[in-house]
2 protein chains.
Amino acid sequence: MPRKLSALDPLRLDNQICFAVYSAAHAFNRVYKPLLDRLGLTYPQYLVMLVLWERDDVPVKDIGEKLFLDSGTLTPLLKRLEAAHLVKRTRSSEDERQVLIALTPQGHALKEKARSVPPSILAASDCSVSELVAMKDEIVALRDRLNAVIGE
Amino acid sequence: MPRKLSALDPLRLDNQICFAVYSAAHAFNRVYKPLLDRLGLTYPQYLVMLVLWERDDVPVKDIGEKLFLDSGTLTPLLKRLEAAHLVKRTRSSEDERQVLIALTPQGHALKEKARSVPPSILAASDCSVSELVAMKDEIVALRDRLNAVIGE
DNA sequence: TCACATTTAATTGTTCGCAATTGAATATGC
DNA sequence: GCATATTCAATTGCGAACAATTAAATGTGA
């Protein structure tokens, strides 16, 4: 019996790695949602907070470079984090073009509440840490190759 | 020398597989953008067309189940595809609750133009087909485990 | 110095993505 | 047969995501 043609069809949905990635991102988002609701954060806001918990008082551009997001996404998101009293936005005195993002005490404090999130995600992944790390490294390598093509 | 603590920090951005997936999805989107612009499609619209090129004349719900999207996303998207004369939306006569989505002749014809897309993506991935297939299968398995947790 | 380019955020407009609700059609239990 | 529940698409509202543009600040070269 010949193999089904569809198994090789380059336009078949199930053969698209991009769709695997796209749908996995949505699946992660849905798992994170109830966990982050308790922190009062959306998933992209959580990513911004992860950046700030590592290093604080950074310009918008630095956050954008780490998360691959631009000011059109970050400006309103950061304003919402400011409205939630998690960050403060202040224009740099050295370079008036820059807006520096700093954590408020509440923003710092939220990190402790956030520590319960990664274990829940790990449990939902139903997978060993070493397997996840290996997958993560592969996906990051693919992402970086794709991003390299874009900059041409 | 002790290993850097950050290499194990569960809240470190670079240790998040979800961020790897999230940022890879955006990278794919950016690579697809110029290719799909030529077809007059956005990436989610392209996914819907992939579904319809496999099977036509299906209710909105079927498309949603395949793509993990709900009517809040699909209804306006399908209306835009209809405005672009790629699909026709007709209420089923057997079950008036359902709206059936059928390709127009232009919708069918677009498939031929789309055949050039996957090879370009493969090239941008800078990776063998077998490696991509292996990664895709791993990511799909992870996605399905995550989705299984959501339904609880 | 002064014209010009570059950098940085902010803004605008379009398109997702989803939760929550609505309303209509259909199915089910009694 | 009829009340009730379920199914399905549409709608509303909010939060991303990004392209394109704007505006202000800074840097550069002649």
Side-chain angles (χ1 to χ4, degrees), chain A residues 18-19 22-34 36-37 39-49 58-65 67-84 86-87 89-101 147 150, chain B residues 18-19 22-34 36-37 40-49 58-65 67-84 87 89-101 147 150:
Chain A
C18 61
F19 175 63
Y22 169 92
S23 54
H26 290 324
F28 266 119
N29 195 39
R30 285 189 282 265
V31 172
Y32 269 102
K33 178 105 182 27
L36 295 182
D37 278 350
L39 306 187
L41 295 174
T42 65
Y43 179 68
Q45 288 170 6
Y46 173 69
L47 292 180
V48 169
M49 294 301 285
V58 291
V60 176
K61 187 171 194 289
D62 285 22
I63 300 174
E65 277 170 3
L67 298 180
F68 306 99
L69 298 173
D70 70 4
S71 71
T73 301
L74 288 175
T75 295
L77 187 156
L78 290 167
K79 284 181 176 175
R80 282 187 283 270
L81 288 182
E82 188 175 44
L86 295 173
V87 307
R89 302 163 61 250
T90 48
R91 221 159 255 286
S92 165
S93 51
E94 292 111 50
D95 187 338
E96 293 277 349
R97 293 170 303 182
Q98 295 185 349
V99 169
L100 298 179
I101 308 299
N147 277 333
I150 295 164
Chain B
C18 62
F19 175 63
Y22 169 91
S23 54
H26 290 322
F28 266 120
N29 195 39
R30 286 189 282 264
V31 172
Y32 268 101
K33 179 101 182 29
L36 296 181
D37 278 349
L41 295 173
T42 65
Y43 179 68
Q45 289 169 6
Y46 173 69
L47 292 180
V48 169
M49 293 302 285
V58 292
V60 175
K61 187 172 194 289
D62 284 24
I63 300 174
E65 278 171 2
L67 299 180
F68 307 98
L69 297 173
D70 69 4
S71 70
T73 301
L74 288 174
T75 295
L77 186 156
L78 289 167
K79 284 181 175 178
R80 284 186 284 270
L81 287 181
E82 188 175 44
V87 307
R89 302 164 61 250
T90 50
R91 221 159 255 286
S92 165
S93 51
E94 293 112 53
D95 186 339
E96 293 276 350
R97 292 170 303 182
Q98 295 186 345
V99 168
L100 299 178
I101 308 298
N147 277 333
I150 295 163

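Chain letters run A, B, ... following the sequence lines, proteins first, then strands; residues in each count from 1. Predicted model, so just to flag it, every value in this text is computed and none were measured.
- Each of dC16(C), dA10(D), dC18(D) was ranked by its minimum atom distance to the side chain of K79(B); first place goes to dA10(D).
- Dashed line: the shortest gap from a side-chain N or O of Y22(B) to OP1 or OP2 of dA17(D) is under 4.0 Å.
- As rounded to whole Å, 17 Å separates atom P of dT15(C) from atom CG of L69(B).
- Applying the 4.0 Å criterion to OP1 and OP2 of dA10(D), one finds that R89(B) has a side-chain N or O inside that range.
- Protein atom CG of L78(A) is 13 Å distant from nucleotide atom P of dT11(C), rounded to whole Å.
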*Check step by step if side-chain contact (heavy atoms from CB on, under 4.5 Å) holds for Q98(B) and V60(B).*
CA-CA 7 Å; Q98(B) 295 186 345; V60(B) 175; over 6 Å; no
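- Annotation for N147(A) and A27(B): closest pair OD1-CB, 3.5 Å, computed over non-hydrogen atoms.
- For Y43(B) against N29(B), the heavy-atom pair with the smallest separation is CB-OD1, 3.2 Å.
- Put simply, the side chain of L36(A) does not reach to within 4.5 Å of the side chain of Q45(A), judged on heavy atoms.
- Among the nucleotides dT7(D), dG15(D), dT7(C), the one closest to any side-chain atom of R97(A) is dT7(C).
- Side-chain proximity of H26(B) to the nucleotides dT26(C), dA25(D), dC18(D) is greatest for dC18(D).
- Across dA17(D), dA10(C), dA25(C), the shortest atom-to-atom separation from the side chain of V99(A) is found for dA10(C).
- The side chain of R80(A) lies closest to dA16(D) when the candidates are dC16(C), dA9(D), dA16(D).
- Put simply, T42(B) has a side-chain N or O that comes within less than 4.0 Å of OP1 or OP2 on dC16(C).
- Side-chain N/O atoms of Q98(A) include none lying less than 4.0 angstrom from OP1 or OP2 on dT7(C).
- Residue L77(B) contributes atom CG, which lies 13 Å from atom C1' of dT14(C) at whole-angstrom precision.
- Nucleotide dC18(C) holds its C1' atom 9 Å from the CG atom of N29(A), rounded to whole Å.
- For dG17(C), neither phosphate oxygen OP1 nor OP2 lies less than 4.0 angstrom from any side-chain nitrogen or oxygen of T73(B).
- Taking side-chain N and O atoms only, R91(A) has no distance below 4.0 Å to OP1 or OP2 of dA9(C).
- What separates CD of E82(B) from P of dA10(D) is a distance of 10 Å, to the nearest Å.
- Set against dA9(C), dC16(C), dC18(D), the side chain of V60(A) has dA9(C) as its closest nucleotide.
- Atoms CG (L100(A)) and C1' (dT8(C)) sit 12 Å apart, rounded to a whole Å.
- At the phosphate of dA9(C), neither OP1 nor OP2 sits under 4.0 Å from any side-chain N or O atom of S71(A).
- What separates CG of D95(B) from P of dA25(C) is a distance of 10 Å, to the nearest Å.
- Look at R91(A) and E96(A) and you find no salt bridge, because none of the NZ, NE, NH1 or NH2 atoms lies under 4.0 Å from a carboxylate O.
- In this structure, Y32(A) has its ring center closer than 6.0 angstrom to the ring center of Y46(A).
- Taking for each of R30(A) and P59(A) the nucleotide of DNA chain C with the nearest heavy atom, the 5'-most of the two is the partner of P59(A).
- The CD atom of E65(B) sits 12 Å away from the C1' atom of dT7(D) (whole-angstrom rounding).
- Of the listed nucleotides (dC18(D), dC8(D), dA16(D)), dC8(D) has the atom at the smallest distance from the side chain of K61(B).
- The side chain of E96(A) sits closest to dA25(D) out of dA25(D), dG17(C), dA9(C).
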